[in-house]
2 protein chains.
Amino acid sequence: MPKAVVSRLSLYLRELQALVRDDNKTISSTKLGRLLGLTDTQVRKDFACFGQFGYPGIGYRCEELIGEIRRILGTDRIWPAAMVGCGNLGQALLGYRGFQSQGFSVQAAFDIAPDIVGSNFCGLKVDHLDSLPAVVAEKGIQLAILAVPADAAIEVASILVKSGVSGVLNFAPVTLNLPKSVSVVGVDLAMELEQLAFAVVKKGEK
Amino acid sequence: MPKAVVSRLSLYLRELQALVRDDNKTISSTKLGRLLGLTDTQVRKDFACFGQFGYPGIGYRCEELIGEIRRILGTDRIWPAAMVGCGNLGQALLGYRGFQSQGFSVQAAFDIAPDIVGSNFCGLKVDHLDSLPAVVAEKGIQLAILAVPADAAIEVASILVKSGVSGVLNFAPVTLNLPKSVSVVGVDLAMELEQLAFAVVKKGEK
DNA sequence: TAGATTGTTAATCGATTAACAATC
DNA sequence: TAGATTGTTAATCGATTAACAATC
């Protein structure tokens, strides 16, 4: 499965779910492409990577595609996850409903600040970071959302690795160099704004 | 400038800034590549896109590269920005220091909830959304950070467009189909977790 | 000089697009 | 049947990598 395709799979999934919410049963590659800014050919080629799902003359059945994409992404099951760092951002993310609906369940939260440890956010009690290894093992947590300050990120990440976590979603603006066995996806808000600034500048030049 | 290169520019910038903080004056393509998981050839090829900056036998001067990358991205100036939506996520983002340091200054914040409008976050008073067009014009705001609920995003985005904003950083999990004159960068936290889940599943299969 | 490292060419690899027969 | 749409081939385009002469 080409990695360019995988990165679009989540995009297709989100759009297909919106289509189903609006009571669409089927969608053509042309219409789906237009919604997402892709060509019809690209949509069909992407879907062809995992089988023949289309109905010539009709299009694709939304529900069928959704199921298939979730299976490929691995979100046809529930992933237990941990929120690591419950400051501003961590608290906001704990309140985000979108994780749950897409197959993720935040089942533990950690911090080290005395005024945060022990408090409750969205029905989840914040534990001390020291108890992370035990809780991760006990609850079978595989994914961690890392929302600690930049200067703590590398150290905390190594605790995550030692605890046996297999994936880290990193919100700290630092490069995490973890063992190959652990996957990392980084989200850097300043970097995203930079890309936006570039797009605006470029458009201005044209 | 190839767009694959642009997306790495922010990554180079962040790493170079970290190197400068650690008192490094120069860095070779091999070392920088190793830090970021890229090949030395790719690093050199990327930098070659915007001139000859390297010193054979020595490497690249960090400060010089930083200046050049900021100039290209357009972050050698300050971009006035607006936070649109000051719920959980918006408030957390207002508290984030990283924007400021990279060339972005959030100079206005908006919401519609009566208990939020008028309150203060990080020294910024939240205005009612109705006053957005006037404030955007007055302060010359070009970028908006959209942190409203999914079902409000499209409507609010169209207000942004009418107000003359040229770039939107969209945190709502919906596709924004805006005029070509407006740039959009989307950050969808559930999508990022899906990509992480896929990476973990794939690794497990190998 | 010897060692380190760049800039660049040519080769390879992967992704996108155009076109169209096959299908419903 | 006519119209809509898929799946797939071949062509094009863009990005990455290997190799190495040139430079400090």
Side-chain angles (χ1 to χ4, degrees), chain A residues 1-12 15-16 19-20 24-69 72-73 180 195 198-199 202 206, chain B residues 1-12 15-16 19-20 24-69 72-73 180 195 198-199 202 206:
Chain A
M1 173 91 47
K3 62 172 178 289
V5 176
V6 175
S7 67
R8 282 190 295 268
L9 245 31
S10 293
L11 210 57
Y12 291 129
E15 200 65 37
L16 287 164
L19 285 165
V20 165
N24 293 280
K25 302 295 179 221
T26 63
I27 183 83
S28 71
S29 55
T30 308
K31 284 187 192 132
L32 185 54
R34 194 161 308 141
L35 286 168
L36 295 171
L38 306 171
T39 64
D40 58 328
T41 309
Q42 181 155 68
V43 172
R44 291 199 298 280
K45 195 110 218 267
D46 284 354
F47 291 167
C49 289
F50 51 94
Q52 302 197 164
F53 286 96
Y55 301 86
I58 291 161
Y60 298 86
R61 284 210 227 286
C62 300
E63 294 282 15
E64 211 174 332
L65 268 182
I66 288 173
E68 206 52 37
I69 294 175
I72 292 167
L73 290 174
K180 283 194 311 298
Q195 295 293 310
F198 177 82
K202 196 180 55 175
K206 268 194 271 195
Chain B
M1 174 91 48
K3 63 170 177 287
V5 175
V6 175
S7 67
R8 283 190 294 268
L9 245 30
S10 292
L11 210 58
Y12 291 131
E15 200 65 37
L16 287 164
L19 285 164
V20 165
N24 293 281
K25 303 293 181 224
T26 64
I27 183 80
S28 72
S29 54
T30 308
K31 284 188 191 134
L32 184 54
R34 193 161 306 142
L35 286 169
L36 295 171
L38 306 170
T39 64
D40 57 328
T41 307
Q42 181 156 66
V43 172
R44 291 199 298 280
K45 196 110 218 264
D46 284 352
F47 291 166
C49 289
F50 50 94
Q52 303 199 163
F53 287 96
Y55 302 86
I58 291 162
Y60 299 85
R61 285 210 226 287
C62 299
E63 295 281 16
E64 211 174 332
L65 269 183
I66 288 173
E68 205 52 37
I69 293 175
I72 292 166
L73 290 174
K180 284 194 312 297
Q195 296 292 311
F198 177 81
K202 196 180 54 176
K206 269 195 272 196

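Remember, predicted model here, so these are calculated numbers, not experimental data. Sequence lines set the chain letters: A, B, ... in the order given, protein chains first and strands last, and positions in each chain run from 1.
- Remark: A:Tyr60 engages A:Phe47 in a ring pair (Phe, Tyr, Trp, His ring centres under 6.0 Å) (not counting sequence neighbours).
- Counting to the nearest Å, the P atom of D:dT5 and the CZ atom of A:Arg61 are 15 Å from each other.
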Base-contact (B) and sugar-phosphate-only (S) positions in nucleotides 15-23 of chain D, heavy-atom cut-off under 4.0 Å, - elsewhere: SSBBB---B
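- A:Gln42 is linked by a side chain to side chain donor-acceptor pair (under 3.5 Å) to nothing, counting only residues two or more places apart in sequence or in another chain.
- Between B:Asp40 atom CG and C:dG7 atom P there is a gap of 12 Å when expressed in whole angstrom units.
- Closest of all the heavy-atom pairs between B:Asn24 and B:Cys62 is O-SG, 3.9 Å.
- As a whole-Å value, the separation of B:Ile58 CD1 from C:dG7 P is 12 Å.
- B:Glu63 contributes no side-chain N or O that, together with a main-chain N or O of B:Val20, makes up a donor-acceptor pair within less than 3.5 Å.
- Separating the CE atom of A:Met1 from the P atom of C:dG14 is a distance of 16 Å, rounded to the nearest angstrom.
- Remark: A:Tyr12 pairs with A:Asp46 by the side chain to side chain donor-acceptor pair (under 3.5 Å) rule, at least two apart or across chains.
- Atom CG of B:Leu32 is separated from atom C1' of C:dT5 by 14 Å (rounded to the nearest Å).
- For the pair B:Tyr60 and C:dG7, the criterion of a side-chain N or O lying under 4.0 Å from OP1 or OP2 is met.
- Taking only side-chain nitrogens and oxygens, B:Ser29 never comes nearer than 4.0 Å to OP1 or OP2 of C:dT5.
- Rounded to whole Å, atom P of C:dT5 lies 10 Å from atom CD1 of B:Ile27.
- Residues passing the ring pair (Phe, Tyr, Trp, His ring centres under 6.0 Å) test with A:Phe53, sequence neighbours excluded: A:Phe50.
- Remark: B:Asp40 engages B:Arg44 in a side chain to side chain donor-acceptor pair (under 3.5 Å) (not counting sequence neighbours).
- Stem regions for DNA chain D, each three or more consecutive Watson-Crick or G-U pairs with both distances under 3.5 Å and listed by first number, read C:3-24 with D:3-24.
- With sequence neighbours excluded, the residues forming a side chain to side chain donor-acceptor pair (under 3.5 Å) with A:Glu64 are A:Tyr55, listed by chain and number.
- Listed by chain and number, the residues in a salt bridge (Lys or Arg N to Asp or Glu O under 4.0 Å) with B:Glu68 are B:Arg71 (sequence neighbours excluded).
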